[in-house]
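Just so it is clear: chains get the letters A, B, ... in the order the sequence lines come, proteins before strands, and each one is counted from 1. Any value given below was found using the heavy atoms of this structure, including those in side chains, with hydrogens, waters and symmetry copies removed.
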Number of protein chains: 2
Amino acid sequence: MRVAYNEQMAELANLLGEMAGLAGSAMERATQSLLQADLALSEQVITEYDRISELSGVAEERAFALLALQAPVAGDLRSVVSGIQIVADVDRMGALALHVAKIARRRHPNHVLPEEVNGYFAEMGRIAVALGAAAQEVLVTRDPERAARLRDEDEAMDDLHRHLFSVLMDREWKHGVAAAVDITLLGRFYERFADHAVEVGRRVIFLVTGKLPSDSDDEYGIASAPR
Amino acid sequence: MRVAYNEQMAELANLLGEMAGLAGSAMERATQSLLQADLALSEQVITEYDRISELSGVAEERAFALLALQAPVAGDLRSVVSGIQIVADVDRMGALALHVAKIARRRHPNHVLPEEVNGYFAEMGRIAVALGAAAQEVLVTRDPERAARLRDEDEAMDDLHRHLFSVLMDREWKHGVAAAVDITLLGRFYERFADHAVEVGRRVIFLVTGKLPSDSDDEYGIASAPR
């Protein structure tokens, strides 16, 4: 029983890790499609979301089977319950990459972004990819210290997000309202992607230590945006 | 065992329903604070989110205790697992109301909204409140037909959201980029609130019928926004 539980739990953790990795690489390609107005790449991200969504279903079924067949208790039960919660976060990370790709596709052959904000999105994309990889690592290793460091990377994302808003709100903004609307949504998608990666980290910290670190989205990235 | 399970499951469903109701009334007040630039009301929504967050913790603990002590199987197990997933949705609904209130507070004593879009937010607020109440009803009654109708209300929200974007994107928009950025975020918060209510409905349909209806956020509210 215990051996079967351990094996199945490791499989579930690997599957969740794979999903986080897929979400990270989807965000990487979505960012490229955005920066280069690359339609084929947007289409690829959009098509491949089906795979993440399918894996979500598989992961939920596996977690359910673990509960039904192994009836885990105490810490083991907490691991499976956390796994169920984590599915929703990594699925959402994939959906946010999908949303970025959809905006790139909608504006094609035009570029969504004026050149002056390209650098922000290149950097937000880089952080998102790092967070996807870190979430994958944390899901497999269950290292609570590594999990806690996800929050530092999220802070870098929040800083970029704030700066991005100050660029938009600046009186010198010359690119009109439509571009600002797209950029507002895109910025929100990257920020939420990072929040979900942090949430994965929190869940892993919880299942290892039994303590849930405080929530992060309360802060709300643009709280100090000027007007 | 069975009696204890039934009692505890009913308690969990009531608690989730209470959370959905609180999220709906938080969105009602957040909308009022937005329309009337009412600082006291924004502050109240912000403070009361702590209550929703606290109930999320209680609901998760109860679901966990149900699994640990009653070791439910089959349909009963599926109900508890769905309950764990629903906690995240209703908590998020509360957080989205909080975000609306925070934007209202940040711009106080100014109004966030130019008068011409007040009507959109009044109506989106009305639908959000109805969706919160419907989610509460569905959680308690487990009526799959009522749950399926949540999607119609969500469609009304999506329509409003699309129209709102066409107002923003219009060349006649005279209220500047900063207002457009706030409105973009606010529109997104209402749309996501509705999506989470639909998700609650989907989960209830699943636990009653064993079939999960297809996802809705793929559609992405502003897909047909003009530019």
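Separation of atoms CD (Q85(A)) and CG (L207(A)) is listed at 10.0 Å; rounding is to 0.5 Å.
In this structure, the portion of A74(A) lying under 4.5 Å from any heavy atom of chain B is its backbone and not its side chain. Using a 4.5 Å cut-off between heavy atoms, A88(A) makes no contact with chain B at all. Contacts between R105(A) and chain B at a heavy-atom distance below 4.5 Å are absent for every atom of the residue.
Residues I86(B) and E199(B) have side chains not in contact (no heavy-atom distance under 4.5 Å, counting atoms from C-beta outward).
Paired with D182(A) under the rule salt bridge (Lys or Arg N to Asp or Glu O under 4.0 Å), one option of R188(A), R107(A), K102(A) passes, and it is R107(A).
Heavy-atom pairs under 4.5 Å with chain A were tallied for L67(B), V87(B), T184(B); the largest tally goes to T184(B).
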Salt bridge (charged side-chain N to carboxylate O under 4.0 Å, His left out) assessment of D89(B) paired with R203(B): CA-CA 10 Å; D89(B) 285 299; R203(B) 294 285 174 198; 5.0 Å; no

